[in-house]
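In what follows, chains carry the letters A, B, and so on, assigned in the order in which the sequence lines appear, proteins first and then strands, with residues in each chain numbered from 1. FYI, side chains are in, hydrogens and waters are out, and symmetry mates aren't considered; it's all heavy atoms of this structure.
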Protein chains: 2
Amino acid sequence: MKGFAGKILRINLTKKEIKTEPLKEEMARKYLGGVGFGARILYEEVPAKADPLGPDNKLIITPGILVATGLPTMSKTALNFKSPLTGGYGRSVVGAYLGEELKKAGYDAIIIEGKSENPVYILIEDSKVEIKDASGLWGMLTSEAHKKLQEMHGKVRTGIIGPAGEKLSKISEVDFEERQAARAGVGAVMGSKKLKAIAVKGSGEVEYHDKQMLKELILKWGKILKEHPATEADMKYGSGEFYEWVNRERGTFPSLNWRYGYMPVYDQLKEGEKSHLDPYYWSPKYTVKNRPCPHCTKPCGRYIKISDGKYAGTEVEGVEYEVLYSLGGVLGIDDIGAVAKMNKLCDDYGLDAISAGVTLAWAMDCYENGLLTKEDTDGLDLKFGNDEAAVKAIEKMGKKEGKLGELLFNGSKEAAEKLGKDSWKYAVHIKGLELPAYDIRGLKGVALAFAVSTRGGCHLTGGAYGIELTGAWWKMKGIDRTKGEWKGFEIKTLEDLMTLYDAIGACKFSRHMFFIEAFPEMMKAITGWDMGEEELWVAGERIYNITKMFNVREGFSRKDDHLPWKVQNVPIPKGPSKGLFVSQDEFDRMLDEYYIARGWSREGIPTKAKLSQLGLKDLAEEPFAAGI
Amino acid sequence: MKGFAGKILRINLTKKEIKTEPLKEEMARKYLGGVGFGARILYEEVPAKADPLGPDNKLIITPGILVATGLPTMSKTALNFKSPLTGGYGRSVVGAYLGEELKKAGYDAIIIEGKSENPVYILIEDSKVEIKDASGLWGMLTSEAHKKLQEMHGKVRTGIIGPAGEKLSKISEVDFEERQAARAGVGAVMGSKKLKAIAVKGSGEVEYHDKQMLKELILKWGKILKEHPATEADMKYGSGEFYEWVNRERGTFPSLNWRYGYMPVYDQLKEGEKSHLDPYYWSPKYTVKNRPCPHCTKPCGRYIKISDGKYAGTEVEGVEYEVLYSLGGVLGIDDIGAVAKMNKLCDDYGLDAISAGVTLAWAMDCYENGLLTKEDTDGLDLKFGNDEAAVKAIEKMGKKEGKLGELLFNGSKEAAEKLGKDSWKYAVHIKGLELPAYDIRGLKGVALAFAVSTRGGCHLTGGAYGIELTGAWWKMKGIDRTKGEWKGFEIKTLEDLMTLYDAIGACKFSRHMFFIEAFPEMMKAITGWDMGEEELWVAGERIYNITKMFNVREGFSRKDDHLPWKVQNVPIPKGPSKGLFVSQDEFDRMLDEYYIARGWSREGIPTKAKLSQLGLKDLAEEPFAAGI
């Protein structure tokens, strides 16, 4: 089968068994790769109610189908697992060199199952696959372990957990050479298997259907991306380029644990001054170099070094837009040095920087509201804006150190459950996953997208922030972010498309350039298949419905598609989105419309009819699929 | 291209030009045949605002893709046109021998365009195609003309209009050897082109991908159909088999112009007695023989002869369930002899038996309510139940004779507009098309399906009566016919499936046997294509959206998806559905849910996003497609 390595690598850590299995053509055509393979295998192989941190959970690593083709931005590799954070479907996608290496080594997917007794790492050098002792790596920061692995094995590409993952933090991540598969507790899944790292070197080549056509497409799309009007600013300022606009023009940048819809500093700034989190302020000052994902012709990633102030000397890849929020704005900190420092700590200790920051914001809110005292914080004065306390707190989380480290180690939901009282009202999560950097009180479609996302509160499942912030995208116009009505089909469409991106391996930051139009010709060049856009849409929808069915099998239903308390009960107090929030009536209608657009039941369960229409006959037979 | 004749025959009656054009592979795969070809060609070739009775309208005749394969029930041939009755998309599908003959003659479609000055007929004998003088046929009843054509040309298969079509009745039909393409005024389209008949003889063979597989499938599905538990009753009693059940158990048989939900005679019948419209009463008594559509292994059609009473001697193919209503129940007539007589008159004069009967029911209602007097009725005493007056009235309609014939000739909508006053309240139509035999006050999902059907009030567009009457069908369960909520996805699904049936050429009375499962293997044997069910679903949805866009281009929107006044204002007065009706609030919610399920706008306009998802990029670019 052209375009595929043709093999799945299965590694059982309990039995220390390594084998390969052929990739079937039907599987390839229906699920493409990436989250497509991941969702399908996960559904088939991880039984209902499996302990996410037990040997029955699996970690399935799947590069997108277009990874390792040289096509621009195609580097996204999915980690698929049952989430210890949400108890449901888990995926975490990363722009990683490891994915490309995997395909070159001859594998379309790795399934890691079972559980080792002692720390191990997996070394893959083409067909040579070994489970190796990692006792020398255990306890290391991710950057140290990466260095060590390259010292031992040459230029291997790695995915590594830090101390947080080792200690099973439910908000721990996997680090891929300073890019992270961060969300939903994937680090703990590796940690629970005592798997410190995966290191891959591949020297083979995947066979493609039409190399000449591929070459032309690489040039064509590389040029389109490079010359797109948005690219220059993306390259100069990165994903935070629109930071000021989201704050000032939309008022949808949730600051101080969602107290405000923009950074309070904007009330004081004079003409021409910038918030210190604004890349227009810090990127020219601190950027050392661009740091692209593989094959990107519009690289938004950068490597920075803080050269002044009390965090001088801090180096990190970033800082991404999300982190400007999670380790900056939501903590009330307008200091890029502090943010960079915490970012580096998260990467090194292997903590999801979004979840870690939003969990800390919860603690600050509790502290300011008297629900936490210095006794609970190991003496830290956890006021909003106290950057030094925040830096120390993040380090404690990474190490699971002290009372505070213990409390925050597994994210805001569990912390609030432990602390009790009204503290749950300050926990800004959905299904356990902490929310990203969009104040969904003022972005109603995004509120819906966050609420229904199968992995929990996530901006990437639907990617709806783009269309809601701007009001128009792709074939849709006149989107009113302040109203909840008539969003069902919009969000369904976006989810199906973003799922397709995660199956293909494309960068979602290029979705306004690729849309879906790019993919049929790319698929043709790679596989030889004639896949019209309509087949790709159905593939996206098919995969998404599997992730939903995974959750339904775990007992999820309408009740789990919820919003955080603040979003429903505390209107945005000032700014361009003043007064906005999501009432229960409005939200109920939004859910209804979304489920209807999806062909799901009133309880949010995929119907047998819809599953059949997607070619998921086996799932349609599941007793828990809805009759109507 | 296997499975296709590969040619489209284009006949211009203005220029007397005949040519053939190749069928393109993309067209074949995306649209299959039948209404698929029809909708696409219609959309492309009949300009917006074209006069349905002018030369710009076209009549496109398209056998389903599986017609002429020998596969059971595959005989359905679509007539596609702009409807003079609704002003929108028109289709009329018929189980015709002519369709099979056409494919054997080497054509997948005929496009008839322009307008002849003098009466003509088209004679097709394989590659020999002629436009011939029809002055000798003009004015003839359909049965006479058919006889004459066979006398002249041997065993040609025919489609013929009667005097009603010649005189441009907007409720006139085309007769195919006692099967009718009846609805939406297709007879007048032929009449406007001065085209009396089409006669076809084909001696070729279509090439199929896998003849052995085809043979096996013919046997396999023939057996499944034959042995299905419903088949015996269907063969004995025909489509009216469930007549008593619909009356007594559901109370959803609209009688006396929708005054009641069942035939009043049931209030008088003693134990064991039957309504005289019930096939259990009349079929054993009068059936001469079964009269199947081509290749049917579960033939429900019959030829009857009334052997007693005042209509003794009447012979007709029928009487179908719909006609038991339209020429029986809705007129308050419980006499199969009278119904058979009127049925024969409709067939001979070429009137749509549903529309003709329901239009007459409107006149009776007006008469009983004093809006029409004997002066208007040419002296007829048009009380409900007066069978002799009804028979005379139908004949007058067929001939456009007298004041009454003139008034009723173009259907109930136009008649009510002419008569004025409150008479529109008694007109039971949607978009101009008279309603079929299901009291949609007690079948809420069917109400929605009728309201939104792109060809107007129609039971076949969604075929929802089966699921709503029984509460479960295919993958759907727990359907509550008394509630309007949560029907959007159900109706969308059914419409897409029924559209697929009309593209394939399958009998909708077999939908509980074929579902969709039958078609992938059939398509494989015929064409060699691997078409999963999901591709077929998308094809159905794609075609349906074109029919909608045809209407939108004509100015249709939410306002045109309406219900008859009685359905919204007069609850069913007694019986199992007592008290049921459809309020405006309920209906608004139903429309919202349906549009959302379809990915259309609040105004009921297909969105550019949905059209793109269906591979209809050109339609997505139309300025009148919805942004969101």
Side-chain angles (χ1 to χ4, degrees), chain A residues 26 29-30 467 471-480 485-490 492-494 496-497 515-517 520 530 532-542 589 592-602 607-617 620-621 625-628, chain B residues 26 29-30 467 471-480 485-490 492-494 496-497 515-517 520 530 532-542 589 592-602 607-617 620-621 625-628:
Chain A
E26 197 206 348
R29 178 112 189 197
K30 283 181 85 166
I467 192 170
W473 187 74
W474 190 57
K475 302 283 180 188
M476 302 193 228
K477 285 191 185 125
I479 303 293
D480 183 347
E485 287 178 6
W486 228 256
K487 303 280 189 189
F489 173 70
E490 171 198 332
K492 169 199 182 293
T493 291
L494 295 170
D496 292 345
L497 186 62
F515 302 105
I516 191 166
E517 282 82 341
D530 285 308
E533 289 176 17
E534 34 309 17
E535 187 174 348
L536 294 169
W537 280 108
V538 174
E541 186 173 6
R542 177 186 301 126
R589 178 170 172 154
D592 281 355
E593 293 185 354
Y594 171 76
Y595 295 151
I596 289 169
R598 275 236 165 268
W600 293 352
S601 76
R602 198 189 295 250
T607 57
K608 292 171 186 294
K610 170 53 81 176
L611 293 167
S612 288
Q613 289 168 15
L614 297 172
L616 293 171
K617 286 195 164 198
E621 295 307 317
I628 189 70
Chain B
E26 197 206 348
R29 179 109 188 199
K30 282 181 86 167
I467 192 170
W473 186 75
W474 190 57
K475 301 283 180 190
M476 301 191 227
K477 283 189 186 128
I479 302 293
D480 183 346
E485 287 178 6
W486 228 256
K487 303 280 188 188
F489 173 69
E490 172 198 331
K492 170 200 182 292
T493 291
L494 296 169
D496 292 345
L497 186 62
F515 302 104
I516 191 167
E517 283 82 342
D530 285 308
E533 289 176 18
E534 32 314 14
E535 187 174 347
L536 294 169
W537 280 109
V538 174
E541 187 175 4
R542 177 185 300 129
R589 182 175 168 146
D592 280 354
E593 293 185 356
Y594 171 77
Y595 296 150
I596 290 169
R598 277 235 165 267
W600 294 351
S601 76
R602 197 189 296 249
T607 56
K608 292 172 186 294
K610 170 53 82 175
L611 293 166
S612 288
Q613 288 169 16
L614 297 172
L616 295 171
K617 287 192 164 202
E621 296 306 318
I628 190 71

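- With a 4.5 angstrom heavy-atom cutoff, B/D592 touches chain A via backbone and side-chain atoms both.
- At a 4.5 Å heavy-atom cutoff, the contact between B/T607 and chain A is made by side-chain atoms alone.
- B/K610 touches chain A through backbone and side chain together, each having a heavy atom under 4.5 Å away.
- Within residues 471-478 of chain B, the residues approaching chain A closer than 4.5 Å by heavy atoms are, in numerical order, B/W474, B/K475, B/M476, B/K477, B/G478.
- At a 4.5 Å heavy-atom cutoff, the contact between B/I596 and chain A is made by backbone and side-chain atoms alike.
- Heavy-atom distances place no part of B/R598 under 4.5 Å from chain A, backbone and side chain included.
- Partners of B/F489 according to the ring-ring contact (aromatic ring centres under 6.0 Å, His included) rule, which considers only residues two or more places apart in sequence or in another chain, do not exist here.
- For B/E535, the side chain to side chain contact (heavy atoms under 4.5 Å, CB included) test picks out B/R29, B/M531, with sequence neighbours left out.
- Chain A forms more heavy-atom pairs under 4.5 Å with one residue of B/E533, B/K30, B/R602 than with any other, namely B/R602.
- Residues B/E541 and A/E534 fail the side-chain proximity criterion, which asks for heavy atoms closer than 4.5 Å.
- Of all heavy-atom pairs spanning A/Q613 and B/W537, the tightest one is CG-CE2, 3.3 Å.
- There is no contact between B/E26 and chain A, counting heavy-atom distances below 4.5 Å.
- Listed by chain and number, the residues in a ring-ring contact (aromatic ring centres under 6.0 Å, His included) with B/Y595 amount to none (sequence neighbours excluded).
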